[in-house]
Amino acid sequence: MYHLKLCKAKSYMGIVCATESKPDVYVPEKQQADKLVASGYFVLASEEENTTNEIAREEVSKVEDAETESLFEEPDEEGEDSLLVELQTKSKAELVEYANKNGIDLTGCNKKDEIYSQIIESIARADSAREMLRKG
């Protein structure tokens with residue numbers, strides 16, 4: 001896990017969200033951290049912390065995978081529809097937060113519609129993969 005701090009602006013909204021009042025963000029992958037630092041909006045909070053957290057990364061990944069699995073458990077049609085409606089009513093920031101929480105990569109998604117589509121595609125891919133695993 002990489003700990004970054006917002007340094008260039010009062011807020012940033014992209015693959016992560018940060019504000020002046022909440023400048024700390026955490027990303028699980030070095031590639032994401034490097035992209036954010038390269039943008040000039042973020043700095044690594046602590047190289048030592050990142051090294052220490054690398055050891056715990058596998059455990060965090062296991063927990064995130066379990067949460068994602070439970071999120072993508074096959075809902076009934078009504079539950080699936082309600083999730084889509086719920087996502088449609090969220091703001092752009094809420095969609096970004098939802099995607100980050102659920103491990104959905106938003107690279108290249110800048111507009112709310114793009115973020116929403118990426119989330120829906122990720123859910124569909126998870127459903128498809130789950131179905132393929134069940135068929136064996």
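- Among residues two or more places apart in sequence or in another chain, the salt bridge (charged side-chain N to carboxylate O under 4.0 Å, His left out) test is passed with K35 by none.
- Atoms CD1 and CD1, from I120 and I115 in turn, are 12.5 Å apart once rounded to the nearest 0.5 Å.
- Smallest separation of non-hydrogen atoms from V37 and L4: CG2-CD2, 3.8 Å.
- Annotation: Q31, atom CD; neighbour count of heavy atoms from other residues, nucleotides and ligands within 6.0 Å does not exceed 12.
- A distance of 7.5 Å separates OH of Y2 from CG of D34, quoted to the nearest 0.5 Å.
- Using a 4.5 Å cut-off on side-chain heavy atoms (C-beta onward), H3 and L44 make no contact.
- S122 and R125 share a donor-acceptor pair across their side chains, judged by distance under 3.5 Å alone.
- When atom types are taken as modelled, the side chain of E114 and the backbone of N110 share a donor-acceptor pair closer than 3.5 angstrom.
- Here the CG-CD1 distance, from D105 to I119, works out to 11.5 Å after rounding to the nearest 0.5 Å.
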Where do M132 and K135 land on the side-chain contact (heavy atoms from CB on, under 4.5 Å) test, with the steps shown first? CA-CA 5 Å; M132 289 176 65; K135 289 181 181 178; 5.8 Å; no

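- Across all non-hydrogen atoms, the minimal contact from C7 to G40 is SG-O, 3.6 Å.
- With values rounded to the nearest 0.5 angstrom, K5 atom NZ is found 15.0 Å from L36 atom CG.
- Residue Q88 places its CD atom among more than 12 non-hydrogen atoms of other residues, nucleotides or ligands, all under 6.0 Å distant.
- Between the CG atom in D113 and the CD atom in Q118 there is a gap of 13.0 Å [rounded to 0.5 Å].
- Aromatic ring pairs are classed by plane angle as parallel below 30°, tilted from 30° to 60° and perpendicular above 60°; the pair F42 and Y12 is perpendicular.
- Across all non-hydrogen atoms, the minimal contact from N100 to C17 is ND2-N, 4.4 Å.
- How far NZ of K112 is from NZ of K90: 10.5 Å, rounded to the nearest 0.5 Å.
- Between A99 and L106 the shortest heavy-atom distance is CB-CD1, 3.5 Å.
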